[in-house]
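What follows is a short report on a single structure.
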Amino acid sequence: MIIDLPSTTASAVNHALIDIRERGGAVAVGRVLNLVIVTDDSAQVEQSIEAANEASMEHPCRVLVVARGLKRAGTRLDAQIRVGGDAGASEVLVLRLYGPLADHGDSVVVPLLLADCPVVTWWPGVSPAAPAIDPLGQLAQRRITDAAAAAQPIKALESRRTAYTPGDTDLAWSRLTPWRALLAAALDLPPYEDVDAVTVTGAADNPSTDLLAGWLRARLEVPVRRRTSPPGGGIHAAVLERRSGPVELVRPDGKVGTLRQPGQPDRQVPLRRRPVRECLAEELRRLDPDEIYYAALQAMTEVEGRRTGATKGSRSADARRGP
Amino acid sequence: MNMAMKVARRINPLVDPRDKRLPRIAGPCGVVIFGVTGDLSRKKLMPAIYDLANRGLLPPGFALVGFARRDWADENFTELVHGAVREHARTPFREDVWRQLSEGIRFVPGSFEDDAAFDELAEVVAQLDQERGTGGNHAFYLAIPPAMFPVVLKQLARTGLAEQTADQWRRVVIEKPFGHDLRSAQELNEIVNDVFPEESVYRIDHYLGKETVQNILALRFANQLYEPIWNSHYVDHVQITMAEDIGVAGRAGYYDGIGAARDVIQNHLIQLLALTAMEEPLSFSPESLRGEKIKVLSATEPVGPFDETTARGQYLGGWQGGTKVPGVFEEGGLRPGSTTETFAAITLEVDNRRWAGVPFFLRTGKRLGRRVTEIAVIFKRAPHLPFEATMTEELGQNALVIRIQPDEGVTIRFGSKVPGTTMEVRGVTMDFRYGSAFTESSPEAYERLLLDVLRGEPSLFPVNAEVELSWEILDPVLEYWTKHGKPEPYPAGTWGPQSADRMIAQAGRSWRRP
């Protein structure tokens with residue numbers, strides 16, 4: 001069910017929600033969190049809602065989409081309520097803000113949050129330089145950004161590092177989880193030797209590659225080098241050097257990885273790029289500060305061969321698609 | 001701080017307990033399934049294996065070996081698995097995942113008595129260690145009737161397949177029934193433990209893999225709200241129900257002679273009782289958890305006299321949910337004259353300070369009103385009501401209901417004023433559900449349990465002692481039933497025979513309609 005409330009106020013939206021609940025039976029039961037999505041009023045609105053709806057299968061939530069429209073227009077709030085089949089396992093409130101109101105999304109969001117439930121703010125596109133200071137970020141205990149969606153992903157990742165506040169996280173980090181899991185599993189096996197050095201290879205503007213290098217540096221405390229592979233492939237390879245030979249995880253085609261270890265047959269492993277909904281569902285699974293992410297961000301500065309400046313060109317299609 | 005971290009056995013520098021998003025992938029290993037053509041294998045095991053692969057939780061190079069008396073090549077078996085996965089897997093089918101998985105699928109044809117076939121199996125397993133890098137780690141899943149366990153186990157021992165070393169594990173997975181009484185359970189345990197040490201034996205009780213069942217522990221021990229009233233001061237009684245709407249026709253051969261009590265109460269319901277009644281474990285380590293379960297099971301006893309405190313029945317034909325269904329004898333579920341029960345209800349008590357005087361009513365049956373499994377903790381009425389009797393006529397007892405399937409969730413029942421000018425208090429329910437769609441993303445019990453087998457996490461598997469203790473609880477009732485009376489018929493689609501209502505009524509209570 002979709003209900004449009006043009007030119008409205010937050011309290012009218014609240015009224016409408018209670019009304020729907022009374023007429024349709026208990027629609028809003030068992031929500032476990034509030035998810036605030038901050039976007040421009042563009043195609044991104046629907047894409048983000050779709051991802052949130054799919055993630056809501058795992059985390060029933062109230063989704064509040066703050067879509068910022070033209071600032072030159074007159075002050076106006078257009079709201080839309082979606083419940084039932086149009087909203088996955090969640091209820092979606094799309095709040096389109098125009099004019100001066102566009103900068104005061106928090107004033108509309110605050111009265112519409114579910115009581116007591118944690119708040120997560122997600123910027124699927126361009127995110128503020130310091131998410132924790134942003135008014136919509138301040139509402140949340142967890143702030144999700146996406147460096148890969150920035151015009152200059154590596155630079156965006158740099159600013160995540162300098163502006164880090166506990167509760168921050170980035171989808172470039174969740175895209176990395178399968179790689180991290182496989183590398184961790186590889187070290188669970190004999191021979192139990194120390195890792196002496198690490199090389200991580202990936203596309204120049206791929207922020208996940210940098211984070212992987214940072215994570216390995218933070219955990220292993222050995223020299224880590226970052227190398228560049230041709231654009232378009234995300235993360236290409238991670239090689240952990242050990243006395244008896246290297247542990248190599250290589251993914252040339254962006255789909256299937258090969259794990260090589262001395263004395264073992266090559267093992268193939270599906271390692272496709274993760275869609276946003278999967279990363280989002282993972283992000284919503286935990287709401288406490290991610291210390292491991294923080295350590296990986298900090299350790300990026302100790303990675304050799306890493307470029308922190310702007311990369312050429314505008315938003316790269318490769319970065320957008322993740323590791 | 002700048003010293004290189006040491007990679008030592010069990011200390012993996014890439015793993016950190018704070019890193020909660022990092023999934024723990026099983027180490028290199030393979031699974032050998034005996035009884036590949038059965039329902040269990042096709043509907044549960046194979047789909048669970050694929051779903052695990054799809055979620056990236058199986059090790060690279062995982063191997064799956066089928067063993068059966070079929071004139072098949074690897075391809076035929078692969079086809080069978082493919083079909084099972086396409087039809088029953090929970091997660092979407094992905095070609096790349098399937099391709100990696102299917103490369104590790106092998107089939108060995110032969111009967112369980114055939115030495116040559118098991119020699120071949122040993123060879124195939126050794127080859128997989130070479131080709132796929134399974135590292136000598138293998139789990140043997142016995143999806144076969146227990147009567148065949150001895151011969152298969154003997155073969156595994158003879159061919160050296162059951163032998164473990166410091167660097168490679170061998171585990172055996174068995175399904176219920178774990179015997180049909182205490183003696184047979186002990187015999188079975190001996191046979192299994194002869195070949196595999198107890199810590200390598202994984203007994204599957206798929207109820208324990210369900211999210212809501214694990215949630216019982218969270219509900220009880222992570223909240224301040226319930227534990228203070230979780231005792232005989234406040235709890236009047238507990239009802240544990242597992243009702244099925246299907247008949248026994250599909251499992252006719254197996255079910256006759258077993259019956260509802262052995263099939264469901266001995267394992268699922270007594271396990272649920274243990275989780276509901278046990279004391280708080282020191283930690284969630286397997287030892288502490290089992291320790292508490294064993295303690296509470298040791299204190300649990302059936303309440304007599306059994307002709308008053310137990311009930312059993314067999315379903316007749318009738319109308320159920322808008323369909324006309326045959327009775328258990330008409331559909332060939334039982335041999336004519338069989339006294340195997342399709343409905344069983346018993347009364348238990350837990351003899352410790354917390355539960356003294358609180359009856360636990362357990363019931364299960366086929367072809368009942370609807371399919372539901374739940375634990376209902378019914379509280380005593382408030383000791384004093386400052387209302388006049390007319391105001392609280394409609395007020396029932398407070399209840400906390402943990403719904404396990406379907407529609408997982410928790411319900412609390414309490415009194416509330418009916419809107420209006422008169423003071424009238426009536427029972428209402430407050431319902432928490434994980435959302436109907438939630439189950440789509442929450443893993444199947446078999447996924448969780450299979451992964452735990454491969455990772456060597458024994459918490460969710462009942463041990464020897466638990467199995468034997470549950471038989472000790474149930475055996476007196478079963479003995480009484482063989483000697484006295486026979487099951488009372490009940491129409492399909494109802495909540496069991498009248499003796500079940502009489503049984504609980506003589507205790508001064510009544511069944512909740514689930």
Side-chain angles (χ1 to χ4, degrees), chain A residues 26 29-32 54-60 88-90 173-174 177-178 180-196 215-216 219-222 242 255-259 261 263-272 281-283 285-286 288 290-293 295, chain B residues 1-16 18-28 53-62 94-101 103-104 129-135 167 409-410 430-442:
Chain A
V29 286
R31 305 271 175 261
V32 296
E54 289 188 51
S56 77
M57 298 297 174
E58 197 175 315
H59 311 276
S90 54
W173 175 240
S174 31
T177 307
R180 297 198 301 123
L182 281 167
L183 290 171
L187 292 196
D188 271 337
L189 309 177
Y192 305 100
E193 291 173 344
D194 293 349
V195 175
D196 303 319
W215 175 63
L216 289 167
R219 301 304 308 177
L220 298 169
E221 293 167 8
V222 297
R242 298 200 292 188
K255 282 185 196 128
V256 178
T258 305
L259 184 65
Q261 276 167 293
Q264 303 268 358
D266 284 4
R267 298 187 180 101
Q268 306 275 302
V269 49
L271 199 57
R272 91 208 135 111
E282 179 181 307
E283 290 297 344
R285 229 165 273 160
R286 57 175 295 186
D288 52 329
D290 190 340
E291 296 98 334
I292 308 295
Y293 166 62
Chain B
M1 192 57 191
N2 279 326
M3 254 174 52
M5 303 279 270
K6 299 282 175 226
V7 178
R9 182 151 227 204
R10 300 200 191 287
I11 303 173
N12 185 336
L14 295 184
V15 176
D16 186 315
R18 295 173 303 165
D19 197 350
K20 294 179 211 157
R21 63 170 86 216
L22 196 69
R24 297 306 306 275
I25 302 175
N54 204 359
R55 290 163 66 202
L57 296 174
L58 287 186
F62 176 81
R94 277 171 38 205
E95 198 57 45
D96 53 334
V97 174
W98 169 251
R99 208 175 318 122
Q100 304 313 324
L101 188 63
E103 275 173 17
D129 290 343
Q130 294 303 312
E131 288 167 19
R132 300 279 294 174
T134 39
D167 283 335
V410 180
M430 189 160 69
D431 201 0
F432 167 79
R433 55 181 70 187
Y434 292 118
S436 54
F438 181 78
T439 46
E440 257 177 60
S441 304
S442 82

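Residue numbers begin at 1 in each chain, while the letters A, B, ... track the order of the sequences.
Distance alone, capped at 3.5 Å, places no donor-acceptor pair between the B:Arg18 side chain and the A:Glu291 backbone.
The nearest pair of heavy atoms linking A:Pro265 to B:Gly133 is CG-N, 3.3 Å. In terms of heavy atoms, B:Arg94 sits closest to A:Pro270 at NH2-CB, 4.4 Å. Nearest heavy-atom pair, B:Leu22 versus A:Ala184, reported as atom, atom and distance to 0.1 Å: CD2-CB, 4.0 Å. When all heavy atoms are compared, the tightest approach of A:Arg219 to B:Val15 is NH2-O, 3.5 Å.
Atom CD1 of B:Ile11 and atom CG of A:Leu187 lie 13.0 Å apart (nearest 0.5 Å). Note that the CG atom of B:Asp19 and the CZ atom of A:Arg286 stand 7.5 Å from one another [nearest 0.5 Å].
No side-chain heavy atom of B:Pro28 sits under 4.5 Å from any side-chain heavy atom of A:Gln264. A heavy-atom distance below 4.5 Å is not found between the side chains of A:Arg272 and B:Val97. Within the 4.5 Å cutoff, the side chain of B:Lys20 has no heavy atoms near those of the A:Arg285 side chain. Under the 4.5 Å side-chain criterion, counting only non-hydrogen atoms from C-beta, A:Arg180 is not in contact with B:Leu14. Looking at heavy atoms from C-beta onward, A:Tyr293 lies out of side-chain contact with B:Arg21 at the 4.5 angstrom threshold.
When heavy atoms are compared at a cutoff of 4.5 Å, B:Gln100 approaches chain A solely by way of its side chain, counted from C-beta outward. Using a 4.5 Å cut-off between heavy atoms, A:Asp288 touches chain B through its side chain atoms alone. In this structure, chain B has heavy atoms under 4.5 Å from both the backbone and the side chain of A:Ser174.
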